[in-house]
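Please read the structure below before turning to the comments.
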Amino acid sequence: MNTYEPHIYELSTPGKHGASLPMLDVPESTLPADLLRQDGLADFPELTEPEVVRHYTRISQRNYSVDTGYYPLGSCTMKWNPKLNEEAARMAGFAAAHPLQDAADAQGALQLIYELQEYLGEIAGFPAVSLQPAAGAHGEFAGILVFRAYHLDRGDHDRVEVLVPTSAHGTNPATAAMTGLKVVEVKGDARGNVDLDDLRAKVSPRTAGMMLTNPNTLGLFDEQIVEICEIVHSVGGLMYGDGANFNAILGIAKPGELGFDFMHYNLHKTFSTPHGGGGPGSGAVGCSAALAPFLPGPVVVKNADGSYALANPEKAIGRMKAFHGNFGMLVRAWTYIRTLGAAGLREVSEMAVLNANYVRVKLKDVYPQAIDRICMHESVLKGQIAGAPKDVRTLDIAKRLIDYGFHPPTIYFPLIVSEALMIEPTETESKQTLDVFIDTMLQIAREAVETPELLHAAPTTAPVRRVDEVRAARQPILRYDREAIARVRSE
Ligand SMILES: *Cc1c(COP(=O)(O)O)cnc(C)c1O
């Protein structure tokens with residue numbers, strides 16, 4: 001049985017309110033009729049202040065977060081978000097700055113944006129950066145629009161195809177489709193790299209570019225990355241780097257030097273700005289000198305006199321976002337980079353990769369590895385446990401982890417691995433935490449063989465038990481609807 005949290009509407013009592021106004025001590029006046037509302041007020045919940053605060057505080061405590069526990073959600077880099085970042089973002093000069101303030105009055109904020117552009121460019125090996133996009137997928141969209149603008153600007157009108165490997169994150173083909181280009185799938189090989197023969201067969205004068213995540217969604221560094229870039233460039237195509245997995249190579253490899261022309265950074269993954277629940281995020285983008293004129297603007301430039309100003313790249317594709325992107329995220333990422341410095345950033349990746357391999361090696365004899373290779377910052381295992389009944393699936397393992405107080409890893413992604421379990425421990429977890437997680441995973445594997453009903457019943461300790469995920473996706477109830485909710489609860 002699920003124990004539902006009552007909806008705030010269900011707690012409402014007509015006539016209750018959270019504020020009391022003093023008796024009128026001035027003459028009453030009437031508003032002109034045309035200023036008066038003609039229709040009744042919407043159906044608002046009516047509660048006292050303590051009832052409202054308790055309701056929201058209670059439901060906030062039901063939220064799992066990096067502040068409450070280990071969060072090995074693969075592909076998402078749920079690392080610790082240092083509280084120092086929050087302190088910086090909360091400084092009044094940043095938090096209370098108005099986006100329409102004159103550049104002369106906002107030099108500190110502009111300097112921060114400029115420096116972050118410079119740092120990100122240096123870290124990934126790109127001469128130009130724009131901080132406009134609000135998420136990774138938004139950065140991808142900017143990138144493919146830039147590719148299109150670049151080709152069209154050269155009078156190259158036939159480049160309508162984007163190559164995407166089968167191991168791509170779902171946002172990659174979605175992005176290509178949204179820009180109106182055609183997605184052409186490229187196969188992977190047995191080692192989890194892009195299949196070079198298939199790539200050679202698919203590039204052509206119609207190729208606008210290729211979108212590639214490296215390390216890829218199997219958590220593997222593509223061993224032929226330089227050849228891949230050469231093949232795509234040889235037909236005049238451009239290389240898009242999905243930088244969501246940048247946490248594996250900070251200070252070790254620069255995508256700009258590997259051959260990528262454009263990349264998005266997920267500041268909310270790699271650079272420790274909080275994420276989850278839909279944002280706000282930041283999908284900064286960096287690119288080669290040839291593509292720089294097309295970057296979305298405004299970007300911040302430094303004048304000869306040392307002052308900072310907003311400027312639009314010469315052939316900018318336009319804006320991606322109102323004002324200057326999610327500025328609070330930029331402050332956090334700047335703070336993170338300055339706190340760690342170059343050596344610290346490299347250590348981030350070394351530790352992220354070490355932690356991922358530690359977990360992988362401890363689990364792989366029980367949870368088979370999708371591809372038997374050293375991984376980068378995450379590993380892809382399978383929930384196929386020897387000796388367990390066939391109906392014990394990865395989903396059951398994930399749900400059982402909830403009973404033990406862990407957020408489950410990513411499951412059933414990447415799509416090319418059956419029963420995938422994608423584990424990304426991140427660098428900010430201690431060996432003790434990883435050991436408890438590993439022991440728990442091994443315990444669950446034993447249960448899968450001996451007491452599989454425990455896995456099928458899980459989670460038993462969470463307020464909401466198994467949810468009907470298919471129905472939630474097909475018939476979402478996105479706003480308060482008394483009847484729909486009553487119907488679901490009575491089932
Ligand atoms: C997270 C992720 C994205 C999308 O980033 P959002 O900020 O969620 O839009 C794209 N590609 C990969 C590989 C990712 O892990």
Side-chain angles (χ1 to χ4, degrees), residues 66 71-79 81 120 124 130-145 162-179 183 186 188 192 194 209-222 225 239-250 255 260 262-286 296 320-321 325-326 328-330 332-333 349 352 356 375-380 409-417 420 422-426:
V66 283
Y71 208 134
L73 194 65
S75 201
C76 297
T77 314
M78 304 302 287
K79 66 167 76 175
N81 309 136
L120 292 175
S130 168
L131 306 179
Q132 280 261 312
H138 206 205
E140 292 173 30
F141 189 56
I144 300 304
L145 289 179
V162 177
L163 304 172
V164 179
T166 47
S167 65
H169 194 261
T171 50
N172 293 182
T175 292
M178 271 186 73
T179 57
V183 178
V186 183
V194 167
M210 177 175 196
M211 298 183 82
L212 188 72
T213 314
N214 194 31
N216 65 22
T217 53
L218 290 161
L220 302 175
F221 192 89
D222 198 302
I225 185 62
M239 279 304 291
Y240 183 92
D242 178 330
N245 291 343
F246 204 25
N247 211 49
I249 57 171
L250 288 173
F260 287 100
F262 196 105
M263 185 185 100
H264 80 256
Y265 311 70
N266 288 66
L267 300 192
H268 47 287
K269 292 179 182 171
T270 318
F271 296 96
S272 78
T273 74
H275 60 302
S282 179
V285 290
M320 297 300 294
K321 182 94 179 71
N326 280 329
M329 293 294 121
L330 309 184
R332 291 173 174 89
S349 286
C375 68
M376 299 299 289
H377 64 310
E378 60 195 352
S379 67
V380 179
T410 294
I411 56 173
Y412 302 111
F413 179 78
L415 304 176
I416 45 172
V417 175
M422 185 191 221
I423 305 172
E424 180 178 8
T426 85

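What you see is a predicted model, and the numbers here were worked out from it, not measured in a lab. Heavy atoms only: backbone and side chains are in, while hydrogens, waters and symmetry mates are out. Every number for a ligand or one of its atoms is a count from 1 in the order of the listing.
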*Are any of the side-chain heavy atoms of Arg332 and Pro274 separated by less than 4.5 Å?*
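Answer yes - side chains close enough.
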
*Check the angle between the aromatic planes of His268 and His275 and answer parallel, tilted or perpendicular using the 30° and 60° thresholds.*
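Ring orientation, 0 to 90° scale: perpendicular.
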
*Parallel, tilted or perpendicular, as decided by the 30° and 60° cut-offs, for the rings of Phe271 and Tyr265*: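 Tyr265 vs Phe271 ring planes: tilted.
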
_What does the 4.0 Å heavy-atom contact list look like for ligand 1?_
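Ligand 1 is contacted, at a heavy-atom distance under 4.0 Å, by Ser75, Ala135, Gly136, Ala137, Glu140, His169, Thr171, Thr213, Asp242, Ala244, Asn266, His268, Lys269.
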
_With sequence neighbours excluded, residues passing ring-ring contact (aromatic ring centres under 6.0 Å, His included) with Phe141_ =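 Phe141 satisfies ring-ring contact (aromatic ring centres under 6.0 Å, His included) with no residue once adjacent residues are dropped.
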
_Looking only at the side chains, is there a donor atom on one of Glu424 and Thr77 sitting less than 3.5 Å from an acceptor on the other?_
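Yes, because at least one side-chain N or O of Glu424 sits under 3.5 Å from a partner of the opposite role on Thr77.
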
*Would you confirm whether Asn245, through its side chain, and Pro215, through its main-chain N or O, come within 3.5 Å as a donor-acceptor pair?*
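The answer is yes, because a donor-acceptor pair under 3.5 Å joins these two groups.
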
